[in-house]
Structure formats: structure tokens, C-alpha cells
Amino acid sequence: MKWNSIETFFLDMDGTLLDLAYDNYFWHEHIPAVYSKKNNIPIQEAKRIFEKMYKNKKNTIEWYCIEYWSNVLKIDLNLEILKTKNQIKIFPGTVNLLRKLKKHKIKIFLLTNCPREMLNIKITQTKLWGYFDTIISSEDCGYIKESDEFWSYLNKNVTYNTINTVFIDDNQNVLKYSKKNGIKNIYCIDFPDSKKDRQIVNGYQSIENISLFEEKFIC
């Protein structure tokens, strides 16, 4: 693949551009701790209760929704994000790749399941405003990326050529739907969480991290 053959880049945010370690900490450690303190129950019980609720909403728009969980838990999650924002980290090489895409006049679309409130804090914290031609959150259309409805929304609202588009994400279920909906150049991130082992990737070309894309796939 050559740079001049690429017109559009679709990029995921959490686990691709940003270290998923923050999200895993926020949802599975910080929020249960706040819930434990608020309800005066042991941390392990708080984790058990929250994880059960969280699991029941997986693969739904509510799973990602800050407003939904704020209402359910009776916790101001926006405030908790602000309290923990210093732990939001950008992957090494992210800015270099974004600058390279800009240099080659490639359109950059951020496609994320992250709700707007959290997204705005993350992009501000990592100083990534200005690199994206368009930012689309699943919250904008009401459907998560791992659904045909999301890609139908994208096709109606964004002009792109599936053959000349690159899509990088860490979620293989999302990649499955992108492939089903015509995206040809699909790549998966091996290490979305810097504190966890390599994920097993089946059926997709993959890279350890975003910084290696040019080295591995551009000739």
C-alpha cells in the first residue's frame, strides 16, 4: 500500500489512539470504589454489583453512556472523569501518524463509541483537537459501531470510498461489522491496554501499536 492510494482514515479512539488502560481503570476500579464509598459497602461487593449491571448492558448504547450510568449509580460520572483525567494517556506515535496523514492530505475520521462528554475531556486532555476532519460518536446516531445501523448512518452522512479507506480499531467485533459493510483495509491493534497481554487477533492484519502502521503496511 502506498500513501497516495489512501483517501480516508477511519480511526478508533480508545485502545487505538489512547491507552485503554484508563477506561479499564475508570470502569472497573474507580467507579466501583466510588460506589462502595457512596453506599457504605465493601469494595468487592460494590465490584460484584456493578460488574453484573455492566455486563448486562454490553453491546448496547447504554454500556458506553455516561448519562445512563450516572442515573443508575447516582454518581456524577462527568465529575469522576475530570478527577481522573490525568490518567488518560495517548499512545506513543499517535501524533506522528496523524501529522503524517495530514501531510499526505488524507481525511481523518475519528469513529468512537465514547460518548461526547467523555470524548471531549479525552481529546482536550490529550490535545488532539485539530487533527480530525470529522468526529463521530455512536451517541450521535444512537447505535454502537458493532452494528449495521452505525455503518448505515456513516454511509448516509460521510462520503468515502471503501477501497481507498483504512480502518484501525482494537475491537474485533467492530472490525467484523466494518468488513461486512464494505471496508477493505482493516487493521487491529494487538495491545489496546498497555497493562495487559497481547490480545489474540483472528482473521485480521494487526499491529502492536499505531506507531508501526507506516513501517509495516506502507511501501
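Computed from a prediction, not measured in an experiment: that's the story for all the values here. Hydrogens, waters and symmetry mates play no part in the numbers below; they use all other heavy atoms, side chains included.
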Checklist entry - Under 4.5 Å between any side-chain heavy atoms of Lys2 and Cys219, yes or no? => result yes
Checklist entry - Which of these passes ring pair (Phe, Tyr, Trp, His ring centres under 6.0 Å) with Tyr54: Phe26, Tyr68, Trp27, Tyr64? => result Trp27
Checklist entry - Hey, does the side chain of Lys216 reach the backbone of Ser206 with a donor-acceptor pair shorter than 3.5 angstrom? => result yes
Next on the checklist: Using a 6.0 Å cut-off, check whether atom CG of Asn56 has over 12 heavy atoms from anything other than its own residue.
Outcome noted: yes
Checklist entry - Going by atom types only, do Tyr160 and Asn155 share a side-chain donor-acceptor pair under 3.5 Å? => result yes
Item to check | Close side-chain approach of Pro92 to Asn209, heavy-atom, < 4.5 Å | outcome: no
Next on the checklist: Pairing donors with acceptors under 3.5 angstrom, does anything connect the side chains of Asp193 and Gln199?
Outcome noted: no
Item to check | Whether Ser36 side chain and Ala46 backbone form a donor-acceptor pair below 3.5 Å | outcome: no
Item to check | Expected output: side-chain Thr60 to main-chain Lys57 donor-acceptor under 3.5 Å | outcome: yes
Item to check | Heavy-atom side-chain contact between Val158 and Ile136 under 4.5 Å | outcome: yes
Checklist entry - Around atom NZ of Lys37, are there more than 12 heavy atoms of other residues, nucleotides or ligands at under 6.0 Å? => result no
Next on the checklist: Test salt bridge (Lys or Arg N to Asp or Glu O under 4.0 Å) on Lys176 and Glu146; report intermediate values, then the result.
Outcome noted: CA-CA 8 Å; Lys176 178 181 76 175; Glu146 48 270 47; over 6 Å; no
Next on the checklist: Show the nearest heavy-atom pair for residues Ser5 and Met1, with the distance to one decimal.
Outcome noted: OG-CG, 3.6 Å
Checklist entry - Taking the side chain as C-beta and beyond, is there a heavy-atom pair between Asp148 and Tyr177 under 4.5 Å? => result yes
Next on the checklist: Run Asn185 and Phe9 through side chain to side chain contact (heavy atoms under 4.5 Å, CB included) and show every step you take.
Outcome noted: CA-CA 10 Å; Asn185 304 299; Phe9 243 76; over 6 Å; no
Checklist entry - Taking 4.0 angstrom as the limit, do Lys107 and Glu7 come out as a salt bridge? => result no
Next on the checklist: Using the rule that Ile, Leu, Val, Met, Phe, Trp and Tyr join whenever any side-chain heavy atoms are under 4.5 Å apart, tell me whether Leu98 and Phe10 fall into a single cluster.
Outcome noted: no
Checklist entry - What orientation do Phe167 and Trp151 show, parallel under 30°, tilted 30 to 60°, or perpendicular over 60°? => result perpendicular
Next on the checklist: Could you tell me if the side chain of Leu119 sits less than 4.5 Å from the side chain of Ile135, heavy atoms only?
Outcome noted: yes
Checklist entry - Are any of the side-chain nitrogens in Asp190 or Arg198 under 4.0 Å away from the carboxylate oxygens of its partner? => result yes
Next on the checklist: Within the structure provided, determine whether Ile61 and Tyr143 are in side-chain contact (heavy-atom separation under 4.5 Å).
Outcome noted: no
Next on the checklist: Pair Ile66, Asn78 - check side chain to side chain contact (heavy atoms under 4.5 Å, CB included), show working.
Outcome noted: CA-CA 7 Å; Ile66 299 301; Asn78 281 317; 3.8 Å; yes
Item to check | Asn181 versus Thr162, closest heavy-atom pair with distance | outcome: O-CG2, 4.5 Å
Item to check | Within one Ile-Leu-Val-Met-Phe-Trp-Tyr cluster: Val166 and Leu11, side-chain cutoff 4.5 Å | outcome: yes
Checklist entry - Would a hydrophobic clustering, with Ile, Leu, Val, Met, Phe, Trp and Tyr connected at side-chain separations under 4.5 Å, put Trp63 with Leu73? => result yes
Checklist outcome for this item: On a heavy-atom basis, the closest approach of Met13 and Leu110 is CB-CD1, 3.8 Å
Next on the checklist: Minimum heavy-atom separation for Ser137 and Cys114, please, with both atom names.
Outcome noted: OG-O, 2.8 Å
Next on the checklist: Please determine whether residues Leu77 and Tyr22 belong to a single hydrophobic cluster, defined as Ile, Leu, Val, Met, Phe, Trp and Tyr linked transitively by side-chain heavy-atom distances below 4.5 Å.
Outcome noted: yes
Item to check | Ring centers of Phe217, Tyr187 separated by less than 6.0 Å | outcome: yes
Checklist entry - So do the side chains of Lys184 and Thr165 get within less than 4.5 Å of each other, counting heavy atoms only? => result no
Checklist entry - Can Arg116 and Asp140 be counted as an ion pair, charged N to O under 4.0 angstrom? => result yes
Next on the checklist: Between Asn71 and Glu67, is there a side-chain heavy-atom distance shorter than 4.5 Å?
Outcome noted: yes
Item to check | Backbone of Ile121 reached by a side-chain donor or acceptor of Thr124 within 3.5 Å | outcome: no
Checklist entry - Is there a donor-acceptor pair closer than 3.5 Å between any side-chain N or O of Ser70 and the backbone N or O of Ile75? => result yes
Checklist entry - Do Asp169 and Thr16 have side-chain N/O donor and acceptor atoms under 3.5 Å apart? => result no
Item to check | Distance (rounded to the nearest 0.5 Å) between Thr84 OG1 and Leu79 CG | outcome: 9.5 Å
Item to check | Lys47 side, atom NZ; Ile31 side, atom CD1 - distance, nearest 0.5 Å | outcome: 12.5 Å
Checklist entry - Would you call Asp23 and Lys122 a salt bridge, taking side-chain N to carboxylate O under 4.0 Å as the test? => result yes
Next on the checklist: Looking only at the side chains, is there a donor atom on one of Asp12 and Asn171 sitting less than 3.5 Å from an acceptor on the other?
Outcome noted: no
Checklist entry - Between Gln172 and Val201, which heavy-atom pair has the shortest distance, and what is it? => result OE1-CA, 3.4 Å
Item to check | Joint cluster assignment, Leu154 & Ile144, ILVMFWY side-chain distance < 4.5 Å | outcome: no
Checklist entry - Going through the distances and angles, do Glu117 and Glu139 end up as a side chain to side chain contact (heavy atoms under 4.5 Å, CB included)? => result CA-CA 10 Å; Glu117 304 100 316; Glu139 187 177 68; 3.7 Å; yes
Item to check | Gap separating the CG atom of Asp76 from the CG atom of Leu82, nearest 0.5 angstrom | outcome: 8.5 Å
Next on the checklist: Could you measure the distance from the CG atom of Asp14 to the CD1 atom of Ile189? Nearest 0.5 Å is fine.
Outcome noted: 12.5 Å
Next on the checklist: Evaluate His104 against Ile6 for side chain to side chain contact (heavy atoms under 4.5 Å, CB included), listing each step before the verdict.
Outcome noted: CA-CA 9 Å; His104 288 279; Ile6 304 171; over 6 Å; no
Next on the checklist: I'd like to know if the side chain of Ser178 and the backbone of Leu175 have a donor-acceptor N/O pair within less than 3.5 Å.
Outcome noted: yes
Checklist entry - So, for Trp69 and Tyr35, is the gap between ring centers shorter than 6.0 Å? => result no
Item to check | Minimum heavy-atom distance between Asp170 and Gly15, given as atom pair plus value | outcome: CB-O, 3.7 Å
Next on the checklist: Around atom NZ of Lys196, are there more than 12 heavy atoms from other residues, nucleotides or ligands closer than 6.0 Å?
Outcome noted: no
Next on the checklist: Below 30° counts as parallel, above 60° as perpendicular, anything between as tilted: where do the rings of Trp3 and Phe213 land?
Outcome noted: tilted
Item to check | Spacing of Asp19 atom CG and Ile90 atom CD1 [to the nearest 0.5 Å] | outcome: 11.0 Å
Checklist entry - Got a second to check how far Gln125's CD is from Lys89's NZ, nearest 0.5 Å? => result 7.5 Å
